[in-house]
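Numbering of ligands and ligand atoms starts at 1, following listing order.
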Amino acid sequence: MIDYHNKYGNVYGTYFGSRPVLYVSDPQLIKQMNIKDFNVFIDRNDFNYANDLLHQSLFNMKANEWKNMRSITSPTFSSGKMRSMHPIVVDCVHRLDRYLEPKALNRETIEMKKTMGCLTMDVIAACAFGTQIDTYDDQKPSEFVLMAQKVFSVSLRSIVYLIMLSMGSKLLKITGFRFTSTSVEMFFKQAIQSIIAKRQSMKNNRQQQHMKHKDYLQLILDAKDKTAINNDNNNKDMKSIESAEEEDMDLIDGDQSDEIYGQINDKSIDMNKLIANKQLVSKITDTDILASSFQFLVAGYETTGSLLALLIYRLALDDECQRKLFQEISEQFNGQYDDYDSITRMPYLEACIAETLRLYNPLPMFGRMASQDYTIESIGLTIPKGMLVNFDIESIHHNPDYYPEPDCWNPDRFMPENRRKLVPYTYMPFGLGPRNCVGMRFALMEAKTAVVYLVNKYRFFRTPETKLHLKSQLMRLILDLRPIDIGIELRD
Ligand code: HEM
């Protein structure tokens with residue numbers, strides 16, 4: 001994409017199969033299309049994923065169905081909800097710590113991509129599936145891990161799927177060919193269904209009612225209950241959802257993440273207007289719950305794992321940055337490493353994360369589809385209705401006009417005193433506008449919790465096995481650099 005951008009400029013076209021796709025990497029145009037004219041570019045695409053769990057996910061939903069689900073989902077990712085889920089992530093980090101400690105005592109070299117993948121898998125199992133599993137045991141991997149690996153592995157199935165998708169999604173619909181095999185889907189469906197049934201019986205049991213779970217699955221189950229109540233009231237108002245949203249959405253004092261990455265709750269979606277126009281049907285079905293947990297796995301596993309592995313890799317290569325981060329952690333915490341509010345107020349940690357997401361952006365682009373003909377006067381181009389548009393974040397994040405020495409790791413770019421020098425709309429690792437990444441706060445909470453704990457206890461360093469040029473794996477939809485081999489030792 002960077003080569004194409006250098007050759008053809010900020011707006012050019014290519015093909016996905018036989019279908020033309022426009023690529024855009026002009027910051028002002030990206031802003032215009034994703035914020036001002038969002039209503040034209042509300043959908044990602046018109047792919048029909050053969051009615052599987054991916055098809056039912058927020059990521060793939062269209063227009064009003066999406067607005068409905070997004071307005072219900074985004075409050076489950078509020079700062080308040082992050083605070084309540086934080087202890088679950090801390091437990092997962094403790095399990096990672098138990099795995100790392102013996103290796104640190106021996107000053108071993110470890111492969112970070114796999115190790116951080118074990119952490120993010122543990123977090124997803126605990127938060128989205130309400131299940132505790134051992135993700136670190138290579139000898140006897142749990143069925144959950146084996147099934148999840150099948151979702152992410154590059155297989156003949158995934159290659160055939162992509163080829164069929166590029167030939168038009170009608171083919172997928174006719175053949176019923178799926179991205180994930182039926183056995184994998186059935187496994188996750190049954191896992192969730194049995195947990196939901198258990199929780200339902202606990203809810204009905206007075207003695208167990210106080211044992212309220214605080215994971216993501218419970219939040220989405222609670223959201224389902226709320227929408228059911230609103231439906232019973234004939235959708236007269238959405239007050240209970242909205243007021244919960246308002247009381248919860250406020251950011252913790254000193255948290256700069258919305259300023260850097262954008263907000264996840266879009267006030268421009270006027271729910272009352274949608275309800276009045278009967279465009280919003282506020283309800284969540286059991287399939288929505290299944291799909292949202294599955295989506296958590298698909299969207300949150302590799303992305304957050306990659307962020308963590310590459311951040312620790314950069315710290316291992318740059319001792320000065322690691323020392324500065326360690327100092328900030330020591331000053332911020334007084335031996336208490338499980339305080340959520342404190343991890344949101346660490347400028348250098350925030351800057352290290354932001355720079356990792358710039359240099360190694362997990363998703364190189366995000367896409368939208370034009371819902372009507374759309375003319376860009378400034379360049380005299382009309383995008384026809386139904387055309388796919390990809391916003392090329394990769395080229396923007398590596399453009400020397402916006403980021404001098406773009407291939408160098410330099411967290412200082414994102415320190416508060418330097419941030420105002422950044423050109424607006426040149427930083428968007430979580431996408432842009434009302435359809436940006438809804439799981440952003442969760443990913444940041446998870447990454448910050450892990451990094452604070454790890455850097456406080458361990459020092460990471462370069463070993464003879466550490467590669468200075470990481471190789472990107474082929475046939476992957478997201479950035480996949482490996483092996484990320486680095487050394488680990490206990491701090492004095
Ligand atoms: C470092 C970690 C992550 C990165 C870099 C990332 C990045 C992105 C990007 C670029 C998009 C497309 C946004 C757009 O089209 O404007 C997206 C969408 C999405 N992400 Fe993430 N993501 C991460 C973690 C997560 C996690 C942990 C979840 C957990 C649920 C998640 C759930 C989603 C969902 C549901 C969407 C679709 C939102 C919608 O269509 O309304 N992501 N993500």
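Under 4.0 Å from ligand 1, the heavy atoms of R70 that appear belong solely to its side chain. Here E446 has no heavy atoms under 4.0 Å from ligand 1, in either its backbone or its side chain. Residue contacts with ligand 1 for N34 are absent, since no atom lies close enough (heavy atoms, distance under 4.0 Å). Only the side chain of R368 comes within 4.0 Å of ligand 1, counting heavy atoms alone; its backbone N, CA, C and O stay farther away.
Of the polar atoms of W66, at least one N or O is found under 3.5 Å from an N or O of ligand 1, judged by distance alone. Ligand 1 has no N or O atom lying under 3.5 Å from any N or O atom of P362, backbone or side chain.
In the vicinity of L58, heavy-atom distances shorter than 4.0 Å reach the ligand 1 atoms 39 (C), 40 (O), 41 (O). Short contacts between ligand 1 and Q295, defined as distances under 4.0 Å to a heavy atom of the residue, involve ligand atoms 35 (C). Atom numbering of ligand 1 starts at 1 in the shown order; those under 4.0 Å from a heavy atom of L432 are 16 (O). Near R435, meaning under 4.0 Å from one of its heavy atoms, ligand 1 places the atoms 13 (C), 14 (C), 15 (O), 16 (O), 39 (C), 40 (O), 41 (O). Near F77, with a cut-off below 4.0 Å to any heavy atom, the atoms of ligand 1 are 30 (C).
In summary, the aromatic rings of F296 and Y216 are positioned with their centroids under 6.0 Å apart. For Y427 and Y402, the distance between ring centers is not under 6.0 angstrom. You'll find the ring centres of F460 and Y313 outside the 6.0 Å limit.
Remark: D215 engages R199 in a salt bridge, criterion side-chain N to carboxylate O under 4.0 Å.
Note on atom 21 (Fe) of ligand 1: protein N, O or S atoms under 2.8 Å away count 1, no waters included.
A donor atom on one side chain and an acceptor atom on the other are not found under 3.5 Å apart for D341 and T344. Using a 3.5 Å distance cut-off with no hydrogens or angles, the side chains of K62 and N60 do pair a donor with an acceptor. Residues Q218 and D222 bring a donor and an acceptor atom of their side chains to less than 3.5 Å of each other.
T120 places a side-chain N or O within 3.5 Å of a backbone atom of M116 that can act as its donor or acceptor partner.
Between F187 and F144, the two ring planes are perpendicular [angle over 60°; tilted spans 30° to 60°]. Classified by interplanar angle (parallel below 30°, tilted 30° to 60°, perpendicular above 60°), the ring pair F129/F188 is tilted.
Among protein heavy atoms, atom 12 (C) of ligand 1 sits closest to R44 NH2, 3.6 Å. Of all protein heavy atoms, the one lying nearest to atom 36 (C) of ligand 1 is F59 CD1, 3.7 Å. Here the protein heavy atom with the shortest distance to atom 10 (C) of ligand 1 is P429 O, 3.4 Å.
Residue pairs satisfying the salt bridge (charged side-chain N to carboxylate O under 4.0 Å, His left out) criterion with at least one member in residues 445-454, sequence neighbours excluded, are listed as follows: E350-K448. The stretch residues 112-134 participates, sequence neighbours left out, in these salt bridge (charged side-chain N to carboxylate O under 4.0 Å, His left out) pairs: R95-D122, K113-E302, K113-D480, K114-D138.
Not counting sequence neighbours, the partners of Y374 by the ring-ring contact (aromatic ring centres under 6.0 Å, His included) test are F41.
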